[in-house]
2 protein chains.
Amino acid sequence: MLVMQPFPFQDLPGRPCPIAASLELVGERWSLLVIREVSLGNHRFSEIAQGTGAPRDRLSARLSALVTAGVLERRPYSTSPPRSGYHLTDAGRDILPVLQGLLQWGNRWLTDEPPVVLHHAPGERAGHEVDGEWTCRTCGEPVAGSPVERVLTPAGHRLVGLPVEADDHDR
Amino acid sequence: MLVMQPFPFQDLPGRPCPIAASLELVGERWSLLVIREVSLGNHRFSEIAQGTGAPRDRLSARLSALVTAGVLERRPYSTSPPRSGYHLTDAGRDILPVLQGLLQWGNRWLTDEPPVVLHHAPGERAGHEVDGEWTCRTCGEPVAGSPVERVLTPAGHRLVGLPVEADDHDR
DNA sequence: GCGAGTCGGTTTGATATGCAAACCTATGCT
DNA sequence: AGCATAGGTTTGCATATCAAACCGACTCGC
């Protein structure tokens, strides 16, 4: 299932952490908005530029980086002139819950009148606004509020407090 | 429930979108890692600096911005010398699912040997790794894969395709 | 064939931001 | 006094970002 380049966690500036690693790939400005646009069905350079508001040179750089990272793929839709659209890979689709989390957080805390909300089961009578929470697929329980333990592998550093620096009492 | 400043969605560079608005507050480099550190129990400047690896001046700027945004609050823990720690507000705690999403995505796609994983119900025999998904609290169904409709308010622009520009055929 | 327009970028030059390292203030410790 | 620690701020330089101009390949209308 691992199609992307293994990420060198130990090269991260702070603690070796999957969150920091993820942000190295998709945390730069415009990157997540590019993924949003593509997920909305806007696959072309000009559409993504309009939807995000990103400068064209930044957009070009981000698109290349996201393709290299394996989050997007280029897919030709015309040979003359040669034109390609950008589409989500499996990894790209798998990051959409993060965007839904940001959407819900923004709607909850930043406004009384959300410009866009998600509706569940839109055709049915019982359609309702999505009220998302992060839930464990294995046991069905919400992750927030459950007893959760963070388990570290040897490279994982200490979670709380300062790491013990290399001992220098002998110099 | 809205304790933060209402965000001017219409001032965003691209479409007026809660995701973009959220990223304006927490999308800059180091911000989400600062929130991660505080959520781990590292409340002091030097602890956060160590845990994130952020330069001290950047950290200072991010902490101030996050306090202003209402994601963190300063809480004095010593009067002489005057010292404060940084703690999550309700809004700050509410963004942790986004970090869990990034954690899981990084663990899934960036490595075979995650440096840190979340374990559910650690004391019990049935403890297991968290396999999170974004689920609707109202109906209990996963959001991914369900029929979901994006509902726009008037300010929400078109989701797909380019917006119709102001007509200029008469000049 | 010719001019205008579109698409997907790249280049340019000014501005803003990020960075490491040094510095500063207040305090405690001996 | 002399040194150490915490929590920053300042400095000087490097990098990234931005808006705007430019470019090559093509299409369309005539």
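Within every chain, numbering begins at 1; the chains are lettered A, B, ... in the order of the sequence lines, protein sequences first and strands thereafter. Quick caveat, the model's predicted, so the values are computed rather than measured.
When the nearest nucleotides of DNA chain D are assigned to A:Gly53 and B:Arg44 by heavy-atom distance, the more 5′-ward of the two goes with B:Arg44. If A:Ser84 and B:Arg62 are placed on DNA chain C by their nearest nucleotide, the residue sitting closer to the 5' end is A:Ser84.
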Each nucleotide N or O in nucleotides 10-12 of chain C that has a protein N or O under 3.5 Å away: list the pair and distance.
unit_1: C:dT10; atom_1: OP2; unit_2: A:Ser60; atom_2: OG; d: 2.5

With 3.5 Å as the limit, what N/O pairs link the protein to nucleotides 25-30 of chain C?
none

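The CG atom of B:Leu59 sits 13 Å away from the C1' atom of C:dC19 (whole-angstrom rounding). If you measure from atom CD of A:Gln50 to atom C1' of C:dG9, you get 16 Å, rounded to the nearest angstrom. Counting to the nearest Å, the C1' atom of D:dG8 and the CD atom of B:Glu47 are 15 Å from each other. Atom CZ of B:Arg58 and atom P of D:dG8 are 14 Å apart (whole Å).
In this structure, the nucleotide among D:dC18, D:dA6, C:dG8 sitting nearest to the side chain of A:Ser46 is C:dG8.
Residue pairs satisfying the side-chain hydrogen bond (donor to acceptor under 3.5 Å, both in side chains) criterion with at least one member in residues 95-105 of chain A, sequence neighbours excluded, are absent. Sequence neighbours left out, the pairs with a member in residues 6-42 of chain A that pass ring-ring contact (aromatic ring centres under 6.0 Å, His included) are A:Phe7-A:Phe9. For residues 31-90 of chain A, the pairs satisfying ring-ring contact (aromatic ring centres under 6.0 Å, His included) are A:His43-A:His87, with sequence neighbours left out.
For B:Arg62, the salt bridge (charged side-chain N to carboxylate O under 4.0 Å, His left out) partners two or more places apart in sequence, or in a different chain, are B:Glu28. Qualifying side chain to side chain donor-acceptor pair (under 3.5 Å) partners for A:Arg29, counting only residues two or more places apart in sequence or in other chains: B:Glu24. Judged as a salt bridge (charged side-chain N to carboxylate O under 4.0 Å, His left out), and not counting sequence neighbours, the contacts of B:Arg15 are A:Glu37. By the salt bridge (charged side-chain N to carboxylate O under 4.0 Å, His left out) test, A:Glu73 is found to be paired with A:Arg75, residues two or more places apart in sequence or in another chain being considered. When the side chain to side chain donor-acceptor pair (under 3.5 Å) test is applied to A:Asp94, the partners found at least two apart in sequence or on another chain are B:Arg108, B:Trp109. Residues forming a salt bridge (charged side-chain N to carboxylate O under 4.0 Å, His left out) with B:Asp90 (at least two apart in sequence, or on another chain): B:Arg93.
For the side chain to side chain contact (heavy atoms under 4.5 Å, CB included) criterion with A:Pro18, the lone passing option out of B:Leu99, B:Thr111, B:Val116 is B:Val116.
At C:dG9, one or more side-chain N or O atoms of A:Tyr86 fall inside 4.0 Å of OP1 or OP2 (strictly under the cut-off). OP1 and OP2 of C:dC7 both lie 4.0 Å or more from every side-chain N or O belonging to A:Tyr77.
Between the side chain of A:Ser31 and the backbone N or O of A:Gly27, no donor-acceptor pair lies under 3.5 Å.
Taken residue by residue, residues 15-30 of chain A places heavy atoms nearer than 4.0 Å to DNA chain D at A:Arg29, A:Trp30.
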